[in-house]
Amino acid sequence: MIEARKISMMYPNGTEALKEVSFSVEKGEICSVIGPSGCGKSTLLFIFSGLLKPTEGKVFVNGKPVNSPRKDVSLILQDYGLFPWKNVRDNIAVGMKIQGFAENEIEKAVNSLIKKIGLIGFERSYPKQLSGGMRQRVAFARALALKPSIMLMDEPFSSLDALSRERMQDFLIQIWKETSTTIVLVTHNIEEAVLLGKKIVVLTERPGTVKEIVENEGAARIEYRYEEEYFERCREIRRLIGLKE
Amino acid sequence: MAKNRRLNELGRLNKLNRLNRLNGINGLTRMRIRGYVFSILVLLTLWAVGANLSSSPALPSPFIVVVSFVSDLPVLFPHILVSAYRVVYSILLALSFAIPIGLISYKEKIDSIVSPFVYLLYPIPHIVLLPIIILLFGIGDASKIFLISMIVFFQILVTARDAARNVSDYYILSLKSLGASEFDVYRHVIFPATLPKILTAMRISIGTAIAVLFFAESFATSSGLGYFILDSWSRADYNSLYSGIISMALLGFSFYLFVEFLEKRFCGWV
Ligand SMILES: Nc1ncnc2c1ncn2[C@@H]1O[C@H](COP(=O)(O)OP(=O)(O)OP(=O)(O)O)[C@@H](O)[C@H]1O
Ligand SMILES: [Mg+2]
């Protein structure tokens, strides 16, 4: 479980990115965070992951305050965070290597992940030789390799074309069903937030504050896309963000 | 249906990838070798024509030079070894200080200490320090190695430092989110990210190192290619003079090839 208690963030240069943000994410839940560009979504994930200290407030994971990156939390950065100098295999393995897993264990895990993400034959390719969707899947595999109990994702699908985007959303739902990982997913795409998030946190313009928390029980099913409730939720979020219909 | 299409797409990409790898590397190497052969032929021809036209003993024809190079080899060999030892030792010494210091300068705090030293000391023409170095280290190998490594040290340090300062925080955060220690950051991010620049600097340094070697071997010694060249010159033995020059060129060339090998092996991602 993740709990944000009155998080405020002011960068050293005086930019106020977040203001008194509070919400919680239940264990095994997918939570979408949606908000306009520059409202502090990435900042929020950095704080959740322990890479950044909020100027005020605290984040708790399973009741413990977060001060530095935790082993059971994986972060997928905006634009994937892959290393251009590592091939697919090494990019996936790097987290396990750092955390001191045995070589043969890494080998086994990486092989099965490469199979899972459908990149057999690309083990030795570098990120720049891959398509956007393939890179995205490598970033997924790198995060999954650590068997995290929490995954934080920063606009994971935003640079994909519509088709790859839907495929990856389905892929994410499938992974979530298999692993029941707690997921916080940042996006500025309304349909994506509604399709995936059982809870949708709507943020205001910068400095980001919680405008509304929308419960969305039907989410995280592939069929949800075609249901009336889904369209209704999309309209609701659109209204909340202040877009005209 | 959709799955099938995806498999097809993957299969196609797979094949492309493999083709690229096969054709790419072999095709490139073949083209490169052809380029080298061509340029060597052109240079030899120009040389032969020049020698013919000038018909001066100071510009013997390439055939004479090759013959005398081979016959000089037994005498030359010890000098080549001594020179190679001095350059390799110097470069390794320089790298072992310049790379770590350059890399840790990615931290603002350390850079604020390192940078002023670099900016004060780098622009000095270090070669003029030779008299002082000889006074301090004597006329043996130590002073030669110190001089060469000092010059190479600054060249590599400046490059490594600039490259490390330019590594994006994005990659460092990306690694730290995986629970990386400070050492992991050097190992997985700073070092590999800066390696291409460091190797480029090394290529340039090889030329400098050999030029400085020649200078350092030009007096108070009776070993090394610099000595051999100057000695042949003073004896007006032009064939040996050329053998010495060719040995020095080959020395530089072989280091150059080695760096190129390192680039191929470790910087394929660029
Ligand atoms: N390191 C930093 N120093 C100063 N200001 C920063 C820093 N990082 C981000 N900001 C500012 O904080 C605000 C929030 O940034 P953040 O990246 O969290 O927004 P975001 O919601 O993720 O935006 P986007 O949708 O464009 O990704 C922005 O105004 C940004 O300019
Ligand atoms: Mg962002």
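Chain A is the first sequence line, chain B the second, and so forth, proteins listed ahead of strands; every chain is numbered from 1. When reading the values below, keep in mind they use all heavy atoms of this one structure, side chains included, and skip hydrogens, waters and symmetry mates. Quick caveat, the model's predicted, so the values are computed rather than measured.
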- Task: Measure the shortest side-chain to side-chain distance between Leu77(A) and Asp154(A) over non-hydrogen atoms and say whether it is less than 4.5 angstrom.
- Result: no
- Query: Top residue by heavy-atom pair count (under 4.5 Å) with chain A, among Phe266(B), Tyr170(B), Phe183(B)?
  - Reply: Tyr170(B)
- Task: Decide yes or no for Val66(A) and Phe60(A): does some side-chain heavy atom of the first lie under 4.5 Å from some side-chain heavy atom of the second?
- Result: no
- Heavy-atom pairs under 4.5 Å with chain A, option from Gly179(B), Ser181(B), Ala193(B) with the top count: Ala193(B)
- Query: So, Arg165(A) and Glu191(A), do they make that salt bridge, N to O below 4.0 Å?
  - Reply: no
- Could you tell me whether Glu260(B) and Arg32(B) have a side-chain N and a carboxylate O separated by less than 4.0 Å? yes
- Task: Answer with side chain, backbone, both or neither: which region of Leu175(B) has an atom nearer than 4.5 Å to a non-hydrogen atom of chain A?
- Result: both
- Against chain B, label Lys71(A) side chain, backbone, both or neither, depending on which of its atoms sit under 4.5 Å from a heavy atom there. neither
- Message: Are the side chains of Tyr80(A) and Ser159(A) in contact, using a 4.5 Å heavy-atom criterion?
- Response: yes
- Leu146(A) portion near chain B, given a 4.5 angstrom heavy-atom threshold: side chain
- Would you mind checking if Arg89(A) and Glu107(A) are paired as a salt bridge, meaning a charged N to carboxylate O distance below 4.0 Å? yes
- Item | Donor-acceptor side-chain pairing of Ser83(B) and Glu217(B) below 3.5 angstrom | yes
- Item | Engaged part of Val189(B) at the chain A interface, taking heavy atoms whose separation is under 4.5 Å | both
- Note on the structure: Comparing Gly81(A), Ser74(A), Pro69(A), Ser68(A) against chain B, the one with the most heavy-atom pairs below 4.5 Å turns out to be Gly81(A)
- Query: Do you know which of Val73(A), Asp79(A), Asn87(A) has the most heavy-atom pairs under 4.5 Å to chain B?
  - Reply: Asp79(A)
- Heavy-atom proximity to chain B below 4.5 Å, by part of Leu82(A): backbone
